[in-house]
Amino acid sequence: MTYPEYKQPLDYAKLATDVRASWDANGIFKKSVSSREGQPTFVFYEGPPSANGQPGIHHVMARAVKDIFCRYQTQLGKQVPRKGGWDTHGLPIELQVEKELGITKEDIGHKISVEDYNQRCRETVMRFKAQWDELTQQMGYWVDLDDPYITFEPEYIESCWALLKKLYDKGFLYKGYTIQPYSPAAGTGLSSHELNQPGTYKDVKDTTIVAQFKVVRDAASEKLFASEGVGETYILAWTTTPWTLPANTGLAVGKNIPYVLVSTFNPYTAAPVRVVLAKALVSKYFSEKGAAAPFEGYAEGDKKVLPWRVEAEFTGADLVGIHYERLFNTEAGFPHFEGEENAFRVIVGDFVTTEDGTGIVHISPTFGADDFRVAQLNGIPALMVADDQGKLGPIVDRTGRYVAEMGEFGGRWVKNYDGHDQSGADYKTLDESIAIRMRTNGTAFKTEKYEHTYPHCWRTDKPVLYYPLDSWFIKTTAVKDRLIELNKTINWKPESTGTGRFGNWLENLVDWNLSRSRYWGTPLPIWRTQDRTEEICIGSIAELKAEIDKAVAAEVMTHNPYANGEKIDLHRPYVDDIFLVSPSGQPMYREPDLIDVWFDSGAVPYAQWHYPFENQEVFQKNFPADFIAEGVDQTRGWFFTLHALAVMLEDSVAFKNVIANGLVLDKNGNKMSKRLGNAVDPFATIAQYGPDATRWYMISNAPPWDNLKFDQAGITEVQRRFFGTLFNTYSFFALYANLDGFQVSPTPLPVAERTELDRWILSKLQSLLAEVRGHFDSYDPTKAARAIQDFVTDQLSNWYVRLSRRRFWKGELTTDKQAAYETLHECLSTVAQLMAPIAPFFADWLYGNLTKGQTAAESVHLTYLAEANTMLIDKALEERMELAQRISSLTHSLRKKSVLKVRQPLQRILVPVLNDTTKEQVGLVEDLICAEVNVKHIEFLDDTSGVLVKSVKPNFKRLGQVYGPRLKAVGARIQTLTSDELTQLEKQGELAVEVEGETLTLHLDEVEIRTQDLPGWLVATDGPLTVALDVTLTDELRQEGLARELVNRLQNLRKDSGLEVQDRISVTLAASAPTELQAAVQSFGDYIRTEVQALRLDFVPEVADGAVLEFDDFQVPAKVDVVTT
RNA sequence: GGGCUUGUAGCUCAGGUGGUUAGAGCGCUACACUGAUAAUGUAGAGGUCCCUGGUUCGAGUCCAGGCAGGCCCA
């Protein structure tokens, strides 16, 4: 076979499309799965994208991460099925449809039927599917696009229903309430989307109250009574919604906020009191004068300054657990409520600040989302009142009035929702009435009008209430401990997302609110009777059909719409038109909610297989996932719902390894957006740079979990530096391998018999193999990419190939040359394998070029990655080669300083060595160094030479352990060691020195001794290494240098004349050339002829129509002719 | 406001368990090299390691508090 040769520059984009065509033609992706049949599976779940928008460059990033590990595991021999999927439900799609139709949610059911609306959603959601599929293939993301799961399909929804029913049967599904924005005037809940409409937040003036909550004296509160005093002790809390005070059931403090206990008087009753408030807010309520004002003589109605004294200080944590008395109690005619004995306690609220108020927040769980949440976390009940039918509800009804049970305030409007006349002189709002009552009975510390912004209903302009609305929940809190426990077994990349963001989320878990009041989504499969005493949860289509039949028999429905085996649609409005019959014969109506779309995606492991209705075994084999990867923004989304459902349904994790990748930002670190015009088009990027360089750049530049600042200049660099170098290395190989007709031998020369350089690069290759496997195994693709890149550019290309060039282009195909080809071939094909997960097209192209027609796999992606052969790893060899590299570099540096070009041979370099191992190590690579830097030999200088000047440096790490604080003095003493002392230390291993009047014994391991200088020589040093160059030029060296110059000029001439590498030539030079050149030709004629592949090299009196060779000091006419034999 | 995260050269990034002189690549400047050549070598310029305190003989690294960016949540 021949190895294909390519012209520069390589078209990377075309290369990829060619490879893609061959994958398609030969079904390589399918084979990569089918060829692993019967092997252990590596389970991967595709987090479904939504195809209602165009894909962006960040999708290339996210999907490259997924692809890498699936391909890698395939190389390890695992079978990796990859089912694609589409996320099709959810608010963004509804909003998009509404925008396009120019309607709002209000119009659904009026201007457009639910049926038509949902039809629009169904069409919209797959609008960009073709683009997505195209990008998937262009970027080389292998996922099964032929048989994807789609969340709106009846089978998918049926699976969701089955899961819901399972949760229902386990008692995990219940109906409760959440606090949501609610408009009493409109009688409807408002979405956060509606609340974010412009103009909804208005400035209003409300009555505000700082209320006094009377502390109950017991063990928990005893610290507040440490100093005896007159009067009761109260906790102060501020509210801008006094009408919620009768619903108060708790008080929240900040855990680390400092609070003080202050002695003073109630300003309205003049009763002596002690009050608790945040230290930072004392000045807001008490004047500086009052701190010195006398307590005696302060009386009701006094306009005098309020006297006060700080009695004690606490933190919020100290106050937790203190009980206080109910403000509006039963004696005053307010109702009892369930769980009252657990109420009226101080708890911690993470939202408490000292920005305003008193630093203590009044909690009414029925009228605040934060309140509800912390109350639930702390077991504080909500104040619910039973109506005349016994149904529990908040103290405010749905029209915005206090319920009748609210004593003196019963039936009062919370805000003016009915538009009643407020102009009368005696008119009082409910807030004002409450304020008056509290001032009178001494429970208000301060009341005032206060202007603030408050949200209003966009339709009625009336203030919004935060109000408890019905919702269905999944009781995730019931399995909280198990969720936390199992999370600890998940390998998170980065770890902090698992312990931090996700872990904290689990620690503060509340029940999963499943309800959504929308149209396009999976309907909740629960039917209830009107009196709510009977209900049924449907778990399958079959069950639904059977229940409909029952309903038809009971004449609740006229006929079964699913009877004729038509394609069933489980969406609204169809399911809403189904009425079932209860065991007692009552009609049952579907609960109108849809479920959270996150349930859809959390159900992927089950619903993608239509489990449990089909594919039981497939499911078992593919649960849980070994690996998933999505954006870190999915932490509380997909990652959570997958985990929650798996724990509740299977008592298992859903995934064992997860990468939470960061964002792709523009090159300035700004978020990409179409509006700003800084979004990068993935198609254009791939078309310009090809998918491989794009992927390699994204993966190698920063770890996937860091944000990536996407800069196209970075792709260019990757292309040039990595792919360009690798391509050049291959081209070099192909050029000479074809000339020599090299074929990979079935019985290659044993590695042990190959040259030092071969064994070195093979050792490095095996080290690389081990390293890269390690990085891939621990889900760190960035380190893998960087390791491969460094190997290719620094080791393989820039050292192995550079130093081996002559072996490839000189002479016949000897055993040594064959070994060189074998070695380079092995390096290149292994690199192709290692890079294949990241750069799948280029790797396959490279691998194919190297192996086509031989007994190799059809594609690199079907190959098996070998284990690193540790027998071939020779650390000592790797170390001494590094010495060779460093000595060469130092020598180049010296040549540079002495203005001696590398072409000028020099006699020797001197390397001082202080121990025999270094000498031995360098000795083994002497030939390589000499060839690289063009010197005749290396001379070692050891201690006995007597010319070395040594320097000593303290080993601070060691000294620090021994001497601690005295290190500075000891270090200084070491710097001043004389050479005699040094010699003694070296010979005897220790040395007694005096430091600060004390005698210490220094040991050899406490210092670092190195040679510093060779008197009379130009030296260069790199750490402990020192090199000196002998710059003496003899006539012979000069001649040889000149011979090399001539070779160089002739090579250039060959090249310029367009000669092929293998062409033999005859050279004629003008006899007018200077005598030194003639002498050089005389002495080194054989060398020159060999180098330039000349059969003849002659001086002639006249060179006709030749070129002129330019030397530093002279010119020589010359001519090169091809000799045909 | 809370949780998490990032901050090192003009840019992109490395810098186990603390060790005194903080590195690489790109870019820039200069010189060299030239049968791998859009490659390579050598040298140079370029740093308050975000800030402030603390622990320590010693802090880019550990602790506390800030500042700035990002994500999620409220």
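Predicted model only: the values in this text are computed from it and were never measured. Residue numbers start from 1 in every chain, and the chains themselves are labelled A, B, ... in the order their sequence lines are given, proteins ahead of strands.
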Which nucleotide in [options] has an atom nearest any side-chain atom of [X]:
X         : options             : answer
A:Asn701  : B:U12, B:G70, B:C72 : B:U12
A:Val632  : B:C73, B:C71, B:U42 : B:C71
A:Asn728  : B:G70, B:U42, B:A39 : B:A39
A:Gln1051 : B:U40, B:G35, B:U42 : B:G35
A:Ser893  : B:A36, B:A43, B:U12 : B:A43
A:Arg501  : B:G35, B:C13, B:C4  : B:C4

Could you tell me how far [M] sits from [N] if I compare only their [atom1] atoms? Round to whole Å.
N     : M     : atom1 : result
B:C31 : B:C11 : C1'   : 25 Å
B:A45 : B:G27 : C1'   : 12 Å
B:G44 : B:G23 : P     : 13 Å
B:G35 : B:C49 : P     : 46 Å
B:U6  : B:C51 : C1'   : 16 Å
B:G7  : B:U12 : C1'   : 14 Å

With a 4.0 Å cut-off on heavy atoms, is [X] in touch with a base, just the backbone sugar-phosphate, or nothing at all?
X         : value
A:Ala702  : sugar-phosphate
A:Lys957  : base
A:Thr635  : nothing
A:Thr497  : nothing
A:Ser496  : sugar-phosphate
A:Phe640  : nothing
A:Lys709  : sugar-phosphate
A:Asp370  : sugar-phosphate
A:Asp711  : nothing
A:Val902  : nothing
A:Asn508  : nothing
A:Leu1059 : base
A:Arg895  : nothing

Measure from [atom1] on [X] to [atom2] on [N] and round the result to the nearest Å.
X        : N     : atom1 : atom2 : result
A:Leu10  : B:A36 : CG    : P     : 18 Å
A:Glu932 : B:A32 : CD    : C1'   : 14 Å
A:Asp706 : B:U8  : CG    : P     : 12 Å
A:Asp794 : B:A36 : CG    : P     : 19 Å
A:Asn513 : B:A74 : CG    : P     : 11 Å
A:Tyr697 : B:C13 : OH    : C1'   : 11 Å

[X] and [Y]: aromatic ring centres closer than 6.0 Å?
X        : Y        : answer
A:Phe639 : A:Trp492 : yes
A:Tyr3   : A:Phe733 : yes
A:Phe808 : A:Tyr736 : no
A:His643 : A:Phe502 : yes

Short heteroatom pairs, N/O only, protein and nucleotides 22-29 of chain B, under 3.5 Å:
{"unit_1": "B:G25", "atom_1": "O2'", "unit_2": "A:Glu717", "atom_2": "OE2", "d": "2.9"}
{"unit_1": "B:C26", "atom_1": "O4'", "unit_2": "A:Glu717", "atom_2": "OE2", "d": "3.3"}

Check: Ignoring hydrogens and angles, does a donor from either the side chain of A:Ser797 or the base of B:A39 sit under 3.5 Å from an acceptor on the other?
Finding: no
Margin query: With a sphere of 6.0 Å drawn around CD of A:Glu507, does it hold more than 12 non-hydrogen atoms of other residues, nucleotides or ligands?
Written below: yes
Note to self: Counting only heavy atoms from other residues, nucleotides and ligands, does the tally under 6.0 Å from NZ of A:Lys783 exceed 12?
What the structure shows: no
Check: Once you round to the nearest 0.5 Å, how far does OH of A:Tyr466 lie from CD1 of A:Ile179?
Finding: 11.5 Å
Check: How many angstroms lie between CE in A:Met61 and CZ in A:Phe710, if you round to the nearest 0.5 Å?
Finding: 10.5 Å
Using only side-chain N and O atoms of [X], determine if any of them is under 4.0 Å from OP1 or OP2 of [N].
X         : N     : answer
A:Lys901  : B:C33 : yes
A:Arg805  : B:A36 : yes
A:Asn1052 : B:G35 : yes

Note to self: Using a 6.0 Å distance limit plus a 45 degree cone around the ring axis, check whether A:Arg805 lies over the aromatic ring of A:Phe732.
What the structure shows: no
Margin query: Applying side chain to side chain contact (heavy atoms under 4.5 Å, CB included), can you list everything that pairs with A:Arg886, at least two apart in sequence or on another chain?
Written below: A:Glu882, A:Asp1022, A:Pro1024, A:Leu1025
